[in-house]
Each structure stands twice: as structure tokens, then as C-alpha cells.
Amino acid sequence: MNREEFRKQALAFDKKDSLAKFRDLFVSDDHVIYLDGNSLGKLPKATISHLQHVVKEEWGNRLIRSWNEKWIDLSKKNASKIAKIVGAKEDEIFVGDSTSLNLYKLSYAALKYNKSRNEILTDQLNFPTDLYILQGLIKEHFQNHKLLFIESKDQITTTKEEIISKISENTSLLTLSHVTYKSSFLYPMKEINEIAHKKGSLVLWDLSHAVGAVPIKLNDWNADLAVGCTYKYLNGGPGAPAFLYVNKKLQEKMENPVWSWFGHDRPFDFSNDFLPSKSIQKFGVGTPTILSLSAMEKGLEIMVDAGVSQLREKSKSLTEFMMSMIETWLIPLGFSVASPKNAENRGSHISIQHENAYAINCAMIEPSKDHKSIIPDFRPPNNIRLGIAPLYISFLDLYESVIRIAEIVENKEYLKFKNDKNLVP
Ligand SMILES: Cc1ncc(COP(=O)(O)O)c(C=O)c1O
């Protein structure tokens, strides 16, 4: 297809898009195409007035009374929405703390519970913080444990066979990202849980790049443990509180290593002795961050309203359209695709590689009155990640983005920038 045919196709897809109305719920700039919603989601317009109300009325006027009037249950209120999004029960989700801290708490709990085994299994595609948490736990608390890696030959995917060959009766915990942060590889969670459970291992999923982008059915897929962030596809705001999930069947057996008053059974007794809450609240650490928990409310409402299954269908069509444009316009210019080719095996972002990736990334972002600024992100050594958040990305956005990337390379506009990330703050 030529340019005009792709453009017409994009417009036709947009016309048929039943989710198009959601785009208008987010703050946008007509001169920007935002392809980084897999890193920091957009600001819902409703969040602005909601936060103003929380700050002026709930904090400003009601002060401490707001704890009883609303704030004490805010984390649970958000948890009930996240439970819907990830296919869990309300009392299996705790909302608070960061993804890293939640990974620490649940990894510790799993390793302590399965302490007769001393192998932890993860893959080479996992996010650095996940690996650092495991390394720290081994150094400080589980010195006899070994961290083993499922290899990825292409640095894009792994295989079921590779997992089966590494998992054993000695595996205490298997921990993976449901969608991998660089390549967007989507693990078949149900199947992997079954493989691990047959060997007696627990599985901890990092849902950060999956939640709000692909359907997740934690209960139906018999998931043990999971964590995830809310500032990407859930549009909860920068540094928004994360969540964790512990299957009801395991809750009594999992212990939070960080004891604090908000994890206490009766925090307002102010007892000198710790008695863990009998509910999922035992995983909380300290006072809930009310402004951040408030900021995420509207993003969650929008996600529940749109429905992840519908969004997934749109996301697959968007990424397929993007792939066909990349094939036609970018592969001949020296790009390669570093994400699974089949939409069923990938999340909602696509990584493309080029020897001048960093400089091209800078040229894409550069503002100009002649063309839109396109905001992707860069991941070393040479990946440009194109995040395709189906709530607010259109087919026309993708058409324009690919044509602009081709133009940058054809006109050598990227030569204005050094191809070295370290030179830039
Ligand atoms: C897969 C994954 N896990 C964990 C994190 C980090 O979580 P946090 O910094 O919120 O603790 C990220 C951040 O982007 C991520 O992509």
C-alpha cells in the first residue's frame, strides 16, 4: 500500500472505533503524539477538578476529619476497581507503596514460605528493579539461595521448553513480568502457573506493563502472587501507588516482612505489640498516601468503564496496523522489530531498533512548527519503544508517527543529535 492508502485505512479504522470517545477524556496537545503511555499514562481531565476538591475541601476544610469521612477506605475503594481489572476478589488486592516495595514484600513472603527450596527463577527480559530486589533478598536474608535465569535467545521472547528445562523440585519462586518491558513479550500466564505448580513452585507476576493493556484473570488462571503499577496504562499519575495481589488461599501463609501500624489488626488501639491484620491489609506499610490515591481514582474509573477486553481488541488492531506500516516504511530504512510479530504474543507496545536509535528518538521529540512532536521512549542499547495506549491513541496517530520517523531518517534529521544517551542529562 502507498502512503495515501495507509492514511485512508487509518481514517476508516478510526471511524469504526467504538472506543474513540475515551480519547477526549484526557488532556492532550494537538502538536504532540504521545507514544509513552506504557511508561507514564496521560492525565484524565476529571483528575484535575477531583484533586482540586480533595486538596481544597477534604484537606483544606475538613482536615483530620477527612480520615473518618473518606480517606481511611480510599485504598480499599481503589482496590475494588483494580480487582475488576485483574480478575481478582476485592480482598485479594492491596493498593499502596511502590511496585518495588511490593515485590520485596511478596518475594520475601514466598521465599520464607517455601524455605526448604533454594532456587529462584526469573528471565533475562525482566525489569531491573525485579532483579535488584531478588539480589538484595539473597544477600540479606536468603544467602543459600541461587538466582537462575531463563534465557532468551533473541532477547525478545522465551519458550515454554526453556522454562520447563530450568524449573525443578528445588524452585522456590518463579517470577516474571507478564508483559516484558523492552520487547513487549506476553507470557501465557495460565500455562506458566500450571507448569510451576506441578513442580511445587510459587509464581509472582509483575503486571506493570500488562495491567490495563491485556486481559488478566488472576483467579481463573490460578495465580499465586502479583504486583503492578498504576501510572502506566491505568493513568494514575507520576509515582502513583502500586498494588499487590495475594490469592485468598495463600493469604494466611504469606507474611509481610515489614511490620507497621497500618498492617496491624487494630491500628487505632496503639498497642505496643504487633498483631498482623487478618486481611490483605497486613501488606500495607505505613500511612496511605491520600493525594496519590485520590489522583488515581478517575483513571481507574475510566479503565473499568472502557473494559480491558474491548481495549485489548483495539490494541491488537492498532499494533497490527503499526506493524504493517513499520514493515513498509521503516524496515527498508535500517530498522528492525524487537517485539513479537504475532499480536497474540505481545502487549500494547512495540520496540523498534536502529543503529542511530537514540538520535532518532531525540529528533522525534524535538518540537517544531512544521510537524508534530512524537514522544516515544528509548531503552538501551538501541530500542525505541512505541507505547500504544488504546484509550487515547488513534490509527491516524500511528500513521503520522511512522511517516514522521521515516522522514527523520530519509532527511538525516537525526544527525543534529549525538547518538549517545550518556551525553544528555
Ligand atoms: C515491569 C516493571 N516493574 C517495576 C517497575 C518499577 O516500579 P516502581 O519504580 O514503581 O517501584 C517498572 C517501572 O517502570 C516496570 O516497568
Side-chain angles (χ1 to χ4, degrees), residues 1-17 33-38 125 152-159 179-186 209 213-214 311-365 371-372 374-390 393-414 419:
M1 280 201 291
N2 63 30
R3 250 183 210 208
E4 194 43 30
E5 284 164 337
F6 269 118
R7 198 171 152 276
K8 280 196 181 139
Q9 195 182 50
L11 291 171
F13 283 149
D14 281 336
K15 214 168 160 195
K16 280 197 318 213
D17 175 13
I33 298 177
Y34 189 64
L35 299 184
D36 212 1
N38 59 319
L125 307 174
S152 168
K153 292 203 171 61
D154 56 5
Q155 293 305 308
I156 298 174
T157 60
T158 67
T159 62
V179 172
T180 60
Y181 81 104
K182 234 187 251 187
S183 72
S184 194
F185 174 55
L186 170 64
H209 277 277
V214 299
L311 284 167
R312 171 66 172 161
E313 288 315 306
K314 178 174 172 188
S315 155
K316 282 196 289 188
S317 307
L318 284 164
T319 60
E320 266 168 9
F321 177 73
M322 184 72 153
M323 279 291 198
S324 65
M325 285 218 58
I326 290 171
E327 254 343 292
T328 309
W329 300 100
L330 301 186
I331 301 296
L333 294 173
F335 284 91
S336 57
V337 173
S339 293
K341 295 263 162 69
N342 181 344
E344 296 301 329
N345 303 331
R346 66 173 180 254
S348 208
H349 66 278
I350 292 176
S351 278
I352 53 174
Q353 296 183 329
H354 192 279
E355 58 178 346
N356 296 308
Y358 187 67
I360 295 169
N361 179 78
C362 295
M364 287 168 72
I365 298 169
H371 51 72
K372 290 182 184 174
I374 297 161
I375 305 186
D377 65 21
F378 172 83
R379 289 292 175 267
N382 57 358
N383 292 278
I384 298 174
R385 274 195 325 183
L386 307 164
I388 301 164
I393 292 294
S394 69
F395 289 86
L396 192 64
D397 288 335
L398 300 185
Y399 165 82
E400 289 181 347
S401 300
V402 174
I403 294 301
R404 174 73 193 126
I405 299 170
E407 197 177 83
I408 287 168
V409 177
E410 277 163 0
N411 301 340
K412 299 203 180 334
E413 287 176 51
Y414 62 87
N419 193 40

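Here the structure is a predicted model, which is why all the values come from computation and not from measurement. What you see below is based on every heavy atom in this structure, not just the backbone, and it leaves out hydrogens, waters and symmetry mates.
For the pair S339 (side chain) and S183 (backbone), a donor-acceptor distance under 3.5 Å is present.
Side-chain atoms of I326 and I350, non-hydrogen and from C-beta on, do get closer than 4.5 Å to each other. M1 has its side chain out of reach of T328: every pair of non-hydrogen atoms, C-beta onward, lies at least 4.5 Å apart. Under the 4.5 Å side-chain criterion, counting only non-hydrogen atoms from C-beta, I156 is not in contact with T180. By the 4.5 Å heavy-atom criterion applied to side chains, V179 and H349 are counted as neighbours.
Here N2 pairs with nothing under the side chain to side chain donor-acceptor pair (under 3.5 Å) rule; sequence neighbours left out. Partners of E400 by side-chain contact (heavy atoms from CB on, under 4.5 Å), not counting sequence neighbours, listed by chain and number: I33, K372, L396. A search for ring-ring contact (aromatic ring centres under 6.0 Å, His included) contacts involving F335 returns H354, not counting sequence neighbours. For K341, the side-chain contact (heavy atoms from CB on, under 4.5 Å) test picks out E327, V337, with sequence neighbours left out. Partners of T158 by side chain to side chain donor-acceptor pair (under 3.5 Å), not counting sequence neighbours, listed by chain and number: Y187. Taking R7 as the reference, E4 meet the salt bridge (charged side-chain N to carboxylate O under 4.0 Å, His left out) condition, with sequence neighbours excluded. Every residue meeting the side chain to side chain donor-acceptor pair (under 3.5 Å) condition with R404, not counting sequence neighbours, appears here in chain and number order: H371, E407, E413. In this view, S401 satisfies the side chain to side chain donor-acceptor pair (under 3.5 Å) rule with no residue, not counting sequence neighbours.
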Please step through side chain to side chain contact (heavy atoms under 4.5 Å, CB included) for the pair Y399 and I403, ending with a clear verdict.
CA-CA 6 Å; Y399 165 82; I403 294 301; 3.7 Å; yes
Go through the steps for I405 and L330 under the test side chain to side chain contact (heavy atoms under 4.5 Å, CB included), then give the verdict.
CA-CA 8 Å; I405 299 170; L330 301 186; 3.9 Å; yes
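Of all the heavy atoms in N345 and P340, the pair that sits closest is O-CG, 3.3 Å. Shortest non-hydrogen contact noted between A213 and S348 is CB-CB, 3.9 Å.
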Side-chain atoms of residues 376-385: list all donor-acceptor pairs with protein atoms under 3.5 Å, sequence neighbours left out, distances to 0.1 Å.
from : atom 1 : to   : atom 2 : distance (Å)
D377 : OD1    : R385 : NE     : 2.8
D377 : OD1    : R385 : NH2    : 3.4
D377 : OD2    : R385 : NH2    : 2.7
N383 : OD1    : Q353 : NE2    : 3.1
N383 : ND2    : R379 : O      : 3.3
R385 : NH1    : Y181 : O      : 2.8

Show the atom names and distances, to 0.1 Å, of all donor-acceptor pairs under 3.5 Å that link a side chain in residues 316-324 to residues at least two apart or in another chain.
from : atom 1 : to   : atom 2 : distance (Å)
K316 : NZ     : E344 : OE2    : 3.0
S317 : OG     : E313 : O      : 3.1
T319 : OG1    : S315 : O      : 3.2
T319 : OG1    : K316 : O      : 3.3
T319 : OG1    : R346 : NE     : 3.3
T319 : OG1    : R346 : NH2    : 3.0
S324 : OG     : F321 : O      : 2.9

